[in-house]
Amino acid sequence: MPAVTSVLVVGAGLAGTGTAIHLAAAGVAVDLVEIKPEVAALGSGITLQGNALRELRSLGVWDQVRAAGYAFDVTGIRAPDPHGSVVAEIPDARTGGPDLPAAMGMPRPELARLLVDRATEVGVKVRLGTTSTELAQDDTGVDVTFSDGSTGRYDLVVGADGVRSWTRRALGIHLETRSVGMGIWRAFGPRPASVTRTDLYYGGPSYIAGYCPTGEDTLYAYIVEDAQDRSGLTPEEQLATMRRLSEAYHGPWDEIRGTLTAPSRVNYTWFETHLLEAPWNRGRVVLVGDAAHTCPPTIAQGGAMALEDAVVLAELLTGRAALDQDLWNAFHARRYERARTVVEASDSLAQWQLDHVQGDIPSLMRSIAMLTSQPA
Ligand SMILES: Cc1cc2nc3c(=O)[nH]c(=O)nc-3n(C[C@H](O)[C@H](O)[C@H](O)COP(=O)(O)OP(=O)(O)OC[C@H]3O[C@@H](n4cnc5c(N)ncnc54)[C@H](O)[C@@H]3O)c2cc1C
């Protein structure tokens, strides 16, 4: 008998769907509520590192991920010169194991859709366009009221509702989410044949310009600048700003720039960071993924950390007989330090660039690769 028989998961991102799939596959009754009416609406791309791919395989979606995404094992470093010269080609560590690629680009909407489909397939009751509005727990369960007026009682509630988590606030937890001082322009579009891996251009007028193939026909490209208030720009002005910033970058960027024509495909956001000190649970409600820890995507590990939280939590909930302090101690022992290390490394990489400091990037990347190569 697992430690729980009924669970509510709030949020259908990587952490939420991952938790829901593993629990339901083990026979737990799982409700999953997602505030957005549609999970696969327009979105950008995501870089999934090997350790994220390992967890996606455990969720039973690896074949679909492999078919939809674009795998690569080397990251290129290019100069912001008139030719976009390649200055280094760095083999990426296969952190998910030798039988998985080092990294893979995926369109975010496609990843979201296939995870929600998998959740439905294993018996999760998915309710889109719905959220929880009240939580009240006692010693034996959590009473929840939903936005459609319905109610439910669960053994456990999992708050997987992202950076600005409603669940976190409902628990009365104050966590400051800090801007790290960088903003990122991202655009989703067609993949030129010359883009077969992630290339990063350091320097020039922006901190980083890069791209990642996300499928045979698609990629996402990005430019990282000082965080600034871009909220007053119209979509057309946003597109024009990203195009203008990209003019300092050449090689494949020349072709990508030619395809930057759809304002709806351009998006701007700030890099943010926070880390909730353990414990991440209050009684029978626990926070996972970005709700508990978030970081700038300088090593593209946020998705992997969210998936790992999900897998470890589900493993403990289904492998133990009681939802007790021992279970929470085991969860935090496996998750807190690992997430903290990733958040701090990601923050350091951003800070070195902001300060124009030559940090020891190879050694930091090696230590993260060693850490994430170990199963969570
Ligand atoms: C610019 C940028 C680029 C990034 N690039 C990468 C990358 O390349 N690789 C990588 O691994 N990571 C990347 N990340 C980080 C990654 O996106 C996150 O770490 C990851 O998505 C976290 O997953 P999550 O499930 O915890 O949260 P989310 O993905 O945010 O999912 C939370 C879900 O909860 C829903 N929700 C919110 N509030 C409620 C509510 N009240 N009720 C119900 N549902 C709710 C949301 O709609 C959402 O679907 C990037 C982050 C940023 C900001």
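Both ligands and their constituent atoms are indexed starting at 1 by order of listing. Reckoned from all heavy atoms, side chains included, excluding hydrogens, waters and symmetry mates. FYI, the numbering just counts along the sequence from 1.
The shortest contact between atom 43 (C) of ligand 1 and any protein heavy atom is with Ile35 N, 3.2 Å. What sits closest to atom 10 (C) of ligand 1 on the protein, heavy atoms only, is Gly303 N, 3.4 Å. Counting only heavy atoms of the protein, atom 31 (O) of ligand 1 lies nearest to Gly13 CA, 3.5 Å. Nearest to atom 37 (C) of ligand 1 among the protein's heavy atoms is Asp161 O, 3.4 Å. Counting protein heavy atoms only, atom 30 (O) of ligand 1 is closest to Gly162 CA, 3.7 Å. Counting only heavy atoms of the protein, atom 35 (C) of ligand 1 lies nearest to Glu34 OE1, 3.2 Å. If you check which protein heavy atom lies closest to atom 42 (N) of ligand 1, you get Thr131 OG1, 2.7 Å. From the protein, the heavy atom lying nearest to atom 26 (O) of ligand 1 is Asp290 N, 2.8 Å.
Each of the atoms 41 (N) of ligand 1 lies under 4.0 Å from some heavy atom of Trp166. The distance from ligand 1 to the heavy atoms of Val10 drops below 4.0 Å at these ligand atoms: 42 (N), 43 (C). Against a heavy-atom cut-off of under 4.0 Å, Tyr220 is close to the following atoms of ligand 1: 8 (O). Interface atoms of ligand 1 facing Lys36, defined by a heavy-atom separation under 4.0 Å, are 47 (O), 49 (O). Close contacts between ligand 1 and Ala160 involve ligand atoms 32 (C), 33 (C), 34 (O) [criterion: under 4.0 Å to a heavy atom]. The contact set between ligand 1 and Ala306, taken as ligand atoms under 4.0 Å from a residue heavy atom, comprises 22 (C), 23 (O), 26 (O). The distance from ligand 1 to the heavy atoms of Thr47 drops below 4.0 Å at these ligand atoms: 7 (C), 8 (O), 9 (N), 10 (C), 11 (O). Taking every heavy atom of Leu14 and a limit of under 4.0 angstrom, the matching atoms of ligand 1 come to 25 (O).
Asn51 and Gln374 share no donor-acceptor pair across their side chains, judged by distance under 3.5 Å alone. Side chains of Gln351 and Asp347: no donor on one and acceptor on the other come within 3.5 Å. Side-chain contact check for Thr273 and Arg178: no donor-acceptor pair (N or O, by modelled atom type) lies under 3.5 Å. Using a 3.5 Å distance cut-off with no hydrogens or angles, the side chains of His274 and Asp290 do not pair a donor with an acceptor.
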Test ring-ring contact (aromatic ring centres under 6.0 Å, His included) on Phe188 and Tyr220 and set out the steps. CA-CA 4 Å; Phe188 192 74; Tyr220 74 104; 7.6 Å; no

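Across Arg186, Met305, Glu272, Arg108, heavy-atom proximity to atom 51 (C) of ligand 1 is greatest for Arg108. Selection from Thr133, Val224, Thr269, Leu111 by nearest heavy atom to atom 53 (C) of ligand 1 gives Thr269.
The environment of CD in Gln358 is sparse: at most 12 heavy-atom neighbours from other residues, nucleotides or ligands sit within 6.0 Å.
Between Tyr268 and Trp185, the ring planes lie tilted relative to each other; the angle falls in the 30° to 60° range.
Annotation: Ile184 places no N or O atom under 3.5 Å from an N or O atom of ligand 1; distance criterion only. Between Ala291 and ligand 1, no N or O atom pair is found at a separation short of 3.5 Å. By the 3.5 Å distance cut-off applied to N or O atoms, Leu48 is not counted among the residues near ligand 1.
If you look at Ala15 next to ligand 1, the close heavy atoms, those under 4.0 Å, come from the backbone and the side chain alike.
Put simply, the residue from Val142, Val30, Val33 that forms a side-chain contact (heavy atoms from CB on, under 4.5 Å) with Leu8 is Val33. Considering Leu59, Leu111, Val288 in turn, Leu111 is the only one that fulfils the side-chain contact (heavy atoms from CB on, under 4.5 Å) rule with Leu14.
Cation-pi geometry between Arg127 and Phe146 is met: under 6.0 angstrom from the ring centre, within 45 degrees of the axis.
Shown here are the side-chain hydrogen bond (donor to acceptor under 3.5 Å, both in side chains) partners of Arg108, two or more places apart in sequence or in another chain: there are none. For Ala136, there are no side-chain contact (heavy atoms from CB on, under 4.5 Å) partners, not counting sequence neighbours.
Heavy atoms only, all atoms of each residue included: Phe72 and Gly105 are closest at CE2-N, 4.0 Å.
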